[in-house]
Number of protein chains: 2
Amino acid sequence: MHVDTKQKILDTAERLFGEQGYDATSLRQIIAAANVNLAAVHYHFGSKEELLDQLVMRRVGPVNEARLAALDRIDADTVGKRPGVEKVMEAFLSPVSQIAIAHPTFVRLMGRLHAEGLMPGIRERHFQGVAERFLATLRRALPELPEDELLWRVHFMIGAMAHALCGMPIFPGVSAASADFPARLRRLVAFVSAGFRAPVVPIGDKS
Amino acid sequence: MHVDTKQKILDTAERLFGEQGYDATSLRQIIAAANVNLAAVHYHFGSKEELLDQLVMRRVGPVNEARLAALDRIDADTVGKRPGVEKVMEAFLSPVSQIAIAHPTFVRLMGRLHAEGLMPGIRERHFQGVAERFLATLRRALPELPEDELLWRVHFMIGAMAHALCGMPIFPGVSAASADFPARLRRLVAFVSAGFRAPVVPIGDKS
DNA sequence: GTCTATACTGAGATAGAC
DNA sequence: GTCTATCTCAGTATAGAC
C-alpha cells in the first residue's frame, strides 16, 4: 500500500511533534513508529522542515478559511457600526478551538510552533494573510486605538493564545482542565478582549 | 587563563542562544566563537542542557529577588486593603524589563525558553517559587476571582510576556519599537491588568 | 513513480593522555 | 584542567531495486 505511506508519515509526525516537540523528534523515530523507510520521508517531503510545513498546511487551511468567513460575516453584519471586540476575537480564536477538539495533538504542535522562535517561514506562509485580514476588522472595532498600540496588543494576544494552546502544566489546576477547549476559549476571549479595551497609557509617562 | 574559560563559554553561549535559539546553536559553534576546546564545555558544565541551566541561573537570580522584594513591599503597603492589579503586574514584569536593558540578548533567550515547550526542568527550578509568591499577592488583589480563572489568566499573562520579550517581528511596526523595553512593559502591564479585571464568563454558558 | 539500502557530514557525549 | 580521539545518533544525499 504505497498510497498510505505519505499519510502514515504525516499522521505519525503530527503526533510525535505534538508530544515531544519538533527538534526533539527525530526522523528515525517517526519512520520506526510509522513502519516506513527513512528515505521515503525525503522522497515525499524533501526535508524534515518541509514535512512540518505540509503537516501544518493540512490542518491550518480549514482554520484560516473559517477565520476569514467569520470575519466577513462580522463585517457584513456591522456596516456603519462598530463590531464587538469579543466577536472579532472569537472569529480569530474559535476556529483554533474547533480543530483542537478534532485534533488536539495538532493544536499542541501549533501552540509550540507559534511560540518557539521557530520556523520563521511557517508563520509567514500560513498566517500572514489572515492576520492582515483580522487586523482590518479589529481596527473597525477599535478605531480610537493608535496603530502601534493595536499591533502590540495583537502581539500579546497571540502570545497568550499560543501559550494557552500548548496546554503546558504550569500549575496543577490549569493542566487538569486542559481537555476542555471551549471553556479555555471563553476564558481567553474574555481576557484578551478586556486587554484590547484597556485605556492607552501614554508611552512617555512614568508609572 | 583557565579561570576565564567558564565565563567565556557562558557569555558566548548566552549571546548565540539568544540570537539563534538553543537547539539551533551547536556547542562547536560556541567553542569556536569563544576560542576554547569542545571538551572544556563538558568539563565545566557536564552537558549542553546544564550549560543552559547555569546560564539562566546567573541572570534569573537577581530578577527573582527583585520580584520578591517588590511583592513584599506591596504587601507591606496594603495591609487591610487590596493591592492594585497594575502594581502586582509591575512587581512581576518590571524586573524582567530591568535586565532587558542591561542584557537584551539574555531576555531574548528567556523569552524563547519561556515559550518553547522548553526545558521542562528550567521553569520548575527557577520560576516555580516566585510564581507561588506572586499568586499569593495576586489573590489579595483579586479576591473575588475564582481560583481556576485566576490560574488561567496567569497562564495567559505569561504567554503574552514571553511572546513580547522575544521581540519577534510579526508586524513591521512592532519590531521597530523593539528596543524600548520600558514602553513595552507599560503596554504589557496595561493589557494584562485589564485582562485580569475582566468579568468572569460562566464556563457553562454559550456565548 | 515508489521505495530500500547504504553512505556522508555534523551533532552531543565520553575516555584517557598530558 | 585541558585537549585529542572516538563513539553514537542526528539529518541528508544518492544509487538502484521493484
Side-chain angles (χ1 to χ4, degrees), chain A residues 1-58 108-109 112-113 116-123 125, chain B residues 1-58 109 112-113 116-122 125:
Chain A
M1 292 296 162
H2 33 277
V3 277
D4 287 2
T5 302
K6 196 170 177 176
Q7 286 295 323
K8 279 199 295 185
I9 295 172
L10 281 172
D11 292 338
T12 309
E14 176 175 304
R15 180 170 59 83
L16 293 176
F17 284 162
E19 289 172 0
Q20 311 173 340
Y22 173 75
D23 284 301
T25 303
S26 72
L27 289 180
R28 285 169 171 83
Q29 196 181 350
I30 294 169
I31 59 121
N35 272 305
V36 299
N37 187 272
L38 174 60
V41 176
H42 288 91
Y43 172 75
H44 286 289
F45 302 99
S47 71
K48 188 184 180 183
E49 194 171 344
E50 182 67 22
L51 164 61
L52 174 64
D53 208 70
Q54 289 197 219
L55 193 153
V56 169
M57 186 159 28
R58 174 171 77 148
R108 291 202 51 190
L109 170 60
R112 281 180 194 269
L113 294 180
E116 294 182 39
L118 129 91
M119 307 308 114
I122 282 187
R123 181 177 48 230
R125 282 192 292 279
Chain B
M1 296 298 157
H2 33 275
V3 278
D4 288 1
T5 302
K6 197 170 176 177
Q7 285 296 321
K8 279 200 296 187
I9 294 171
L10 280 172
D11 292 338
T12 310
E14 175 175 306
R15 181 171 59 83
L16 293 176
F17 284 161
E19 288 171 1
Q20 310 172 343
Y22 173 76
D23 283 302
T25 303
S26 71
L27 288 180
R28 284 169 172 83
Q29 196 180 351
I30 294 169
I31 60 124
N35 272 304
V36 299
N37 186 271
L38 174 59
V41 177
H42 288 94
Y43 172 75
H44 286 291
F45 302 98
S47 72
K48 189 184 180 185
E49 195 171 344
E50 182 66 22
L51 164 61
L52 174 64
D53 208 69
Q54 289 196 218
L55 193 152
V56 170
M57 187 159 25
R58 175 170 78 149
L109 170 59
R112 280 181 195 268
L113 293 181
E116 292 183 41
L118 103 112
M119 307 313 113
I122 282 187
R125 282 193 292 279

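Bear in mind that the values here come from a model prediction, so they are computed numbers and not experimental data. Here is how names work: the chains are called A, B, and so on, in the same order as the sequence lines, proteins then strands, and each is numbered from 1.
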Of all the nucleotides listed (C:dA5, D:dT2, D:dT12), which has the minimum atom distance to the side chain of B:T5? D:dT2

B:V36 or A:S47: which one's nearest nucleotide on DNA chain D is closer to the 5' end?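 Between the two, 5'-proximity favours B:V36.
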
Between A:R58 and A:Q7, does a side chain to side chain contact (heavy atoms under 4.5 Å, CB included) hold up when you go through it step by step? CA-CA 11 Å; A:R58 174 171 77 148; A:Q7 286 295 323; 3.4 Å; yes

Please report the distance, rounded to the nearest Å, between [atom1] in [X] and [atom2] in [N].
{"X": "A:H42", "N": "C:dG1", "atom1": "NE2", "atom2": "P", "answer": "21 Å"}
{"X": "B:K48", "N": "C:dT14", "atom1": "NZ", "atom2": "C1'", "answer": "17 Å"}
{"X": "B:F45", "N": "C:dA13", "atom1": "CZ", "atom2": "P", "answer": "13 Å"}
{"X": "A:K8", "N": "C:dT2", "atom1": "NZ", "atom2": "C1'", "answer": "13 Å"}
{"X": "A:E50", "N": "D:dT12", "atom1": "CD", "atom2": "C1'", "answer": "15 Å"}
{"X": "A:L16", "N": "D:dG11", "atom1": "CG", "atom2": "P", "answer": "12 Å"}
{"X": "A:N37", "N": "D:dG11", "atom1": "CG", "atom2": "P", "answer": "14 Å"}
{"X": "B:Q29", "N": "C:dA11", "atom1": "CD", "atom2": "P", "answer": "8 Å"}

With DNA chain C as reference, determine whether A:A39 or B:L27 sits nearer its 5' end, using the nearest nucleotide of each. A:A39

The answer to which of A:L38 and B:G46 contacts DNA chain C further toward the 5' end, by nearest nucleotide, is A:L38

Taking the side chain as every heavy atom from C-beta outward, state whether B:K48 and B:H42 have any atom pair closer than 4.5 Å.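 The answer is no; the side chains never approach within 4.5 Å.
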
Remember a base hit wins even if backbone is also touched, and classify B:A40 as base, sugar-phosphate or nothing at under 4.0 Å, heavy atoms.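 It contacts nothing in the nucleic acid.
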
Given C:dT2, is OP1 or OP2 found less than 4.0 Å from the side-chain N or O atoms of A:Y43? yes

OP1 or OP2 of D:dT2 versus the side-chain N and O atoms of B:H44: is any pair under 4.0 Å? yes

So B:L52 and B:I122, side chain to side chain contact (heavy atoms under 4.5 Å, CB included) or not? Walk me through it. CA-CA 9 Å; B:L52 174 64; B:I122 282 187; 3.6 Å; yes

Would you call A:D11-A:K6 a salt bridge at under 4.0 Å N-O? no

Side-chain (A:Y22) to main-chain (A:E49) donor-acceptor, under 3.5 angstrom: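 Flag set: sc A:Y22 to bb A:E49 pair under 3.5 Å.
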
Any donor-acceptor pair under 3.5 Å joining the side chain of B:R28 to the base of C:dG10?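 Answer is no: no donor-acceptor pair is held.
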
